[in-house]
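Here's the structure we're looking at; comments come further down.
Any value given below was found using the heavy atoms of this structure, including those in side chains, with hydrogens, waters and symmetry copies removed.
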Amino acid sequence: MNKNLPNVYAVPIEKKINNNKETYISSLNDEEVGNNIPIEEIDKIFNAREHVYKTRVKIKTKNKEEEVELIGKTNDALLTLDGQKIKIEEILEIKKV
């Protein structure tokens, strides 16, 4: 082992560093948190053995209640067989039919 290794040059820091002096916390309103269904409930539908390509469900949203055939899911929406995108944040209740 060679003990005569070259020194490493480090630039000296001459100014005062003030990192992390301020922090910000963002949260949803209590009303928004209480109205949404858990993502696990949606995942159960898509992970079920019966779901091969589509699953018929009854969805209740803030504006309407309808029966649709789900075929997919994105990060923020459910995709239906007839081409609709239903926002997950608007869903109040979802049940298999």
Side-chain angles (χ1 to χ4, degrees):
M1 185 183 268
N2 187 359
K3 294 189 180 195
N4 296 327
L5 296 175
N7 293 333
V8 177
Y9 177 75
V11 178
I13 300 173
E14 297 176 359
K15 64 182 180 178
K16 185 175 179 181
I17 299 174
N18 291 321
N19 291 347
N20 298 330
K21 289 285 184 176
E22 296 179 12
T23 58
Y24 298 95
I25 299 174
S26 173
S27 64
L28 300 174
N29 294 337
D30 290 340
E31 295 174 4
E32 293 176 7
V33 173
N35 289 341
N36 296 340
I37 63 168
I39 266 305
E40 292 83 22
E41 204 170 316
I42 295 171
D43 288 339
K44 283 182 189 177
I45 293 171
F46 286 104
N47 293 334
R49 288 180 168 240
E50 299 87 29
H51 179 79
V52 177
Y53 171 67
K54 60 184 178 180
T55 302
R56 186 125 181 112
V57 294
K58 186 174 191 177
I59 294 179
K60 181 179 179 183
T61 63
K62 295 176 182 178
N63 302 328
K64 60 186 173 183
E65 186 171 327
E66 62 183 330
E67 285 189 18
V68 295
E69 292 182 349
L70 293 180
I71 58 170
K73 180 181 96 165
T74 63
N75 287 337
D76 62 343
L78 297 177
L79 307 174
T80 65
L81 189 61
D82 58 351
Q84 290 181 358
K85 284 177 87 175
I86 302 171
K87 297 270 186 190
I88 293 176
E89 64 189 26
E90 294 177 359
I91 298 174
L92 302 175
E93 187 178 329
I94 186 168
K95 293 181 184 175
K96 276 189 183 180
V97 177

task: Under the side-chain contact (heavy atoms from CB on, under 4.5 Å) rule, collect the residues that match up with Lys16, sequence neighbours excluded.
output: Asn18
Value rounded to 0.5 Å, distance of [atom1] in [X] from [atom2] in [Y]:
X: Glu67; Y: Glu69; atom1: CD; atom2: CD; result: 9.5 Å
X: Asn63; Y: Leu92; atom1: CG; atom2: CG; result: 9.0 Å
X: Leu78; Y: Ile59; atom1: CG; atom2: CD1; result: 5.5 Å
X: Leu70; Y: Leu79; atom1: CG; atom2: CG; result: 8.5 Å

message: Per the ring-ring contact (aromatic ring centres under 6.0 Å, His included) rule, what does the pair list look like for residues 68-97, sequence neighbours excluded?
response: none
query: Which residue pairs pass the ring-ring contact (aromatic ring centres under 6.0 Å, His included) test with at least one member in residues 62-95, sequence neighbours excluded?
result: none
task: Kindly state each residue pair satisfying salt bridge (charged side-chain N to carboxylate O under 4.0 Å, His left out) with at least one member in residues 41-53, sequence neighbours excluded.
output: Asp43-Lys73, Glu50-Lys96
query: Which atoms form the tightest heavy-atom contact between Ile45 and His51, and what is the distance?
result: O-CB, 3.4 Å
Tell me which donor-acceptor pairs under 3.5 Å the side chains of residues 81-88 have, and how far apart each pair is, sequence neighbours excluded?
{"residue": "Asp82", "atom": "OD1", "partner": "Thr80", "partner atom": "OG1", "Å": "2.5"}

field: Those residues that, when tested against Lys58, pass side-chain hydrogen bond (donor to acceptor under 3.5 Å, both in side chains) (two or more places apart)
entry: Glu65
message: Taking transitive links into account, so neighbours of neighbours count too, which hydrophobic residues share a cluster with Tyr9 at under 4.5 Å side-chain distance?
response: Val11
query: Which ILVMFWY residues are connected to Ile17, directly or by a chain of links, through side-chain heavy atoms under 4.5 Å apart?
result: Ile13
- prompt: If two hydrophobic side chains count as joined below 4.5 Å and joins carry through other members, does Ile39 share a cluster with Ile91?
  reply: yes
